[in-house]
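Okay, so here's the structure we're looking at.
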Amino acid sequence: MASFKIFWVMSILTHQAFLANASYPKKSLVPAFYVFGDSTVDAGNNNNLNTPAKANTFPYGIDFNNCSTGRFSNGKTFADLIAISLGLPMPPPYMGVSESERYQVATGINYGSASCGILNSTGAGECLSLDKQIEYFTSTVENDLPGIILSEKKLRHYLSKSIYLLSIGSNDYMLNYLKNPMGANNNLNPEEYANYLLEQLASRIKRIYDLGARKFLISGVGPIGCIPASIIKTPHSQDCNEDINQKVKPYSDKFPAKLQELQTQLSGSLFINLDTYNFFKQIRNSPEKFGFLDISDSCVQGGKPCENRKQYYFYDFSHSTEAANKIFAKECFGGTQLCFPHNIKQLVHAH
């Protein structure tokens with residue numbers, strides 16, 4: 001009996017030591033990586049929600065150990081790849097971690113939810129709105145992390161050194177502004193709608209900042225007139241729908257100034273603008289340079305994935321392949337063409 005008690009005590013001490021070390025993974029560049037957003041980063045939060053926006057069936061995940069986890073790709077997402085580059089585990093979906101286990105996760109969580117947007121009115125069926133995602137992050141900071149990081153000073157340091165990705169906004173156009181002209185605020189012209197969306201995004205970023213976040217990686221909205229669902233096909237060409245792109249472009253144009261404004265307002269904050277709009281245009285203009293043979297079609301046709309997935313930019317009607325995600329992740333992590341005014345490697349070492 002005595003030996004059992006000794007083993008039991010040793011097990012508890014070992015477990016607590018593991019959790020304490022989990023706050024600052026020895027081989028990682030930052031303590032944690034937190035993810036907010038839509039289907040571009042969803043890692044399975046939508047699996048158990050009442051929504052058509054799910055990716056937990058074949059052919060999704062065919063290159064993710066042939067496992068359909070809920071990621072809208074054949075393999076890893078941009079968020080997964082950045083986490084790996086930072087030396088961290090891929091952040092688990094919040095809805096996939098039980099309440100009793102959440103206090104054990106110290107390396108970051110993914111709150112992203114497919115079909116959601118910046119606005120609460122955006123979505124197809126049930127999803128975790130950005131407000132709801134921030135509500136869950138608030139619970140992580142106030143209820144879960146104090147169980148691992150026992151000092152308030154250490155918790156503040158942990159939060160300030162971690163990185164926060166927001167990849168959201170496309171659905172506010174595709175599933176809202178462009179789809180439902182009679183919706184609230186959809187009577188605004190593209191310039192006005194961009195201003196409104198950016199103000200709404202800024203107010204939510206401020207809430208994440210108030211919880212202790214300081215280092216932000218924010219993705220803009222890409223040229224959604226160029227996704228397979230929007231492409232204009234003729235017998236001899238596949239052209240982007242420039243009418244759609246022109247409605248989205250004001251958001252992309254105003255985005256850097258809004259992030260600069262936030263950085264000025266929020267003491268100690270640092271922002272990276274992930275310029276999806278212009279970087280995708282670079283790839284579309286010279287696809288072969290990036291290893292792509294097809295930049296307009298979905299790899300999945302008739303429910304079956306193509307064989308040469310590394311040569312396709314799009315996996316389905318609007319989501320990118322792992323090959324495309326790898327290009328974006330590598331460029332944003334250490335390059336100079338996608339993320340401004342600095343890349344993630346520079347963000348890690350700032351302050």
Side-chain angles (χ1 to χ4, degrees), residues 9-37 79 82-94 97-112 130-166 201-218 259-272 333 341-351:
V9 170
M10 288 300 293
S11 295
I12 290 176
L13 291 174
T14 303
H15 186 58
Q16 287 177 338
F18 168 75
L19 291 179
N21 289 335
S23 305
Y24 299 94
K26 289 177 181 176
K27 292 182 181 178
S28 69
L29 297 177
V30 294
F33 181 51
Y34 288 95
V35 181
F36 305 82
I82 293 301
I84 292 167
S85 297
L86 289 168
L88 294 167
M90 293 180 287
Y94 183 83
V97 183
S98 70
E99 223 170 299
S100 62
E101 293 174 323
R102 282 176 191 150
Y103 82 95
Q104 299 178 47
V105 182
T107 52
I109 290 179
N110 187 325
Y111 307 92
L130 186 52
D131 279 344
K132 177 59 75 174
Q133 293 179 38
I134 296 170
E135 182 186 314
Y136 285 150
F137 176 62
T138 303
S139 178
T140 297
V141 171
E142 294 180 353
N143 302 324
D144 300 329
L145 289 174
I148 314 172
I149 306 169
L150 305 180
S151 151
E152 193 175 324
K153 184 180 177 183
K154 284 183 179 177
L155 179 57
R156 279 200 308 272
H157 182 263
Y158 161 95
L159 291 167
S160 70
K161 295 299 181 183
S162 297
I163 292 180
Y164 304 82
L165 166 66
L166 279 83
L201 177 64
S203 70
R204 286 154 176 84
I205 289 171
K206 286 174 185 174
R207 285 163 54 196
I208 299 172
Y209 170 88
D210 287 341
L211 288 163
R214 293 296 179 269
K215 296 184 175 185
F216 294 91
L217 170 60
I218 317 286
L259 295 188
Q260 185 57 53
E261 181 187 309
L262 279 169
Q263 187 165 302
T264 303
Q265 290 174 354
L266 305 177
S267 175
S269 67
L270 287 166
F271 285 86
I272 288 180
F333 194 79
H342 31 244
N343 58 38
I344 294 172
K345 204 181 286 185
Q346 292 165 330
L347 180 69
V348 166
H349 299 294
H351 286 342

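Quick caveat: nothing in here was measured; it's all calculated off a predicted structure.
Note: Leu166 CG to Ile208 CD1 = 4.5 Å, rounded to the nearest 0.5 Å. Atom CZ in Phe33 sits 8.5 Å away from atom CG in Leu88 (nearest 0.5 Å). From Asp210, atom CG reaches atom CD1 of Ile134 across 10.5 Å, with rounding to the nearest 0.5 Å. Taking OG of Ser160 as the start and CG of Leu155 as the end, the distance is 9.5 Å to the nearest 0.5 Å.
When side chains are defined from C-beta on, Leu270 counts as touching Gln263, because their heavy atoms get closer than 4.5 Å. You'll find the side chain of Arg214 stays beyond 4.5 Å of the side chain of Leu159, heavy atoms only. In this structure the side chain of Lys206 reaches within 4.5 angstrom of the side chain of Leu262, judged on heavy atoms. Considering only heavy atoms from C-beta on, Val30 stays 4.5 Å or farther from Leu347 through its side chain. Between Tyr158 and Ser151, the closest side-chain pair of non-hydrogen atoms is not below 4.5 Å.
Applying the ring-ring contact (aromatic ring centres under 6.0 Å, His included) test to Phe271 and every residue at least two apart in sequence or in another chain returns Phe216. Considering only residues two or more places apart in sequence or on other chains, Glu99 meets the side-chain contact (heavy atoms from CB on, under 4.5 Å) condition with Arg102. Shown here are the side-chain contact (heavy atoms from CB on, under 4.5 Å) partners of Pro93, two or more places apart in sequence or in another chain: Ala43, Asn45.
Contact detail for Lys161 and Lys215: the closest heavy-atom pair is O-CD, 4.2 Å. Summarising the geometry of Pro89 relative to Thr107, their closest heavy-atom pair is CG-OG1, 3.5 Å, with the distance given to 0.1 Å. In this structure, His342 and Gln346 approach most closely via the heavy-atom pair CB-OE1, 2.9 Å.
Taking the six-membered ring where tryptophan is involved, the planes of Phe137 and Phe36 are perpendicular, since the angle between them exceeds 60° and thus also 30°.
A donor-acceptor contact under 3.5 angstrom links the side chains of Tyr111 and Thr140, judged on distance only.
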